[in-house]
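Here is the structure we will look at, set down as structure tokens.
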2 protein chains.
Amino acid sequence: MLSKTCEYGIRATIFIALQSLMGMRTSLKYIAEEIDSPEAFTAKILQKLVRVKIIESSKGVNGGFNMASDRIKSTSVLDIVYAIDGYDICNRCVLGLSQCSSNNPCSVHHKFRPVREDLIALMNKTTVEEMALGIKDKLAILR
Amino acid sequence: MLSKTCEYGIRATIFIALQSLMGMRTSLKYIAEEIDSPEAFTAKILQKLVRVKIIESSKGVNGGFNMASDRIKSTSVLDIVYAIDGYDICNRCVLGLSQCSSNNPCSVHHKFRPVREDLIALMNKTTVEEMALGIKDKLAILR
DNA sequence: ACATATTCGGACACAAATGTCCTATTTTTT
DNA sequence: AAAAAATAGGACATTTGTGTCCGAATATGT
Ligand code: FES
Ligand code: FES
């Protein structure tokens, strides 16, 4: 469903948020360890998230990544997916037709579209804060 | 969501079913034209579907692909997806954890799992017949 | 100032998905 | 029997996703 890039991106963001909630900045190395992802690849993904300002970075000794508390609250899973995989997911036809529309629907459009919307709505209202708290309270795991 | 291979596979199957409902066998060339897919690549996909007996093929002059009427009724989208992409989709964690379980859930497991199940249930109960009839009645398109 | 620790960014490497080509095989028609 | 029309299947080619490496830039601590 999601690309690996997205999966790593979301997990990394959750961990950065978790650390930020505890007032800490986190290094790439530590992140990659904790979410069990390839370090150099994760770096690329984080760069992207920094560019769209979902997370912040600082270089040098004691540098690393962190997330502003308003961002933790306001950023949704969908925001991360958009930043990494782009906006297409929402408008792609399930059967791969060049365009998805109710005027010229494919054979499954009417049945599948609603579930799709549900999924997107869910991603849209699931915040990083919520996910990070799940980890903090040990209700969920990251690796 | 689905691989291109699956998308082509489903569209091709719908078209073969449609033709079979009208008592006709269909050649690869015609299928590829009608569903707007790369011919040689589509051939590979159809081979797979023949092997699992979702469709039937016959070689030689006037050969081609067809689908038995009981298959048209009994085959679901999920059957095709299973045949092509395998069984994994159902048990993969949304965030890419090595295993998805309620005991050790990721941060979105509890919220996303139900929607996922909905999607799978929908694929499971959407039959080839239903989709083919949509095309026949011009309520849907294939390309 | 210098050494060190860190992210940034480009280039490269590998793997998987997608797509093509050519020959073999089978069936039908002539 | 031969020719033609179709699928089957293996090998190859291309593209995209995933992942690595290394030098540059930048911030911190000594
Ligand atoms: S046209 Fe296929 S999902 Fe909308
Ligand atoms: S553990 Fe992530 S979806 Fe189930």
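Residue numbers begin at 1 in each chain, while the letters A, B, ... track the order of the sequences.
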Distance test, side-chain N/O of [X] to OP1/OP2 of [N], below 4.0 Å:
X       : N      : value
A/Arg51 : C/dG9  : yes
B/Asn62 : C/dT27 : no
B/Gln47 : D/dT7  : no
A/Ser57 : C/dC8  : yes

Nearest nucleotide by nearest heavy atom, which residue falls closer to the 5' end of DNA chain D, B/Thr26 or A/Ser3? B/Thr26

Heavy-atom nearest nucleotide on DNA chain D for A/Val61 versus A/Cys6: which residue maps closer to 5'? A/Cys6

Derivation of the side-chain contact (heavy atoms from CB on, under 4.5 Å) call for B/Ser20 and B/Phe65: CA-CA 9 Å; B/Ser20 291; B/Phe65 299 88; over 6 Å; no

Let me see the working for A/Thr127 and A/Lys73 under side-chain contact (heavy atoms from CB on, under 4.5 Å), right down to the final yes or no. CA-CA 6 Å; A/Thr127 66; A/Lys73 284 197 213 311; over 6 Å; no

Return yes when atom CZ of B/Arg92 has more than 12 non-hydrogen atoms of other residues, nucleotides or ligands closer than 6.0 Å, and no otherwise. no

Quick one: do A/Glu56 and A/Arg71 make a salt bridge, cutoff under 4.0 Å? no

Write down the protein N/O and nucleotide N/O pairs, taken from nucleotides 19-23 of chain C, whose separation is under 3.5 Å; answer none if there are no such pairs.
from: C/dG19; atom 1: OP2; to: B/Tyr8; atom 2: OH; distance (Å): 3.3

Taking B/Gly134's backbone N and O only, do any of them form a donor-acceptor pair with B/Asp137's side chain (distance below 3.5 Å, no angle check)? no

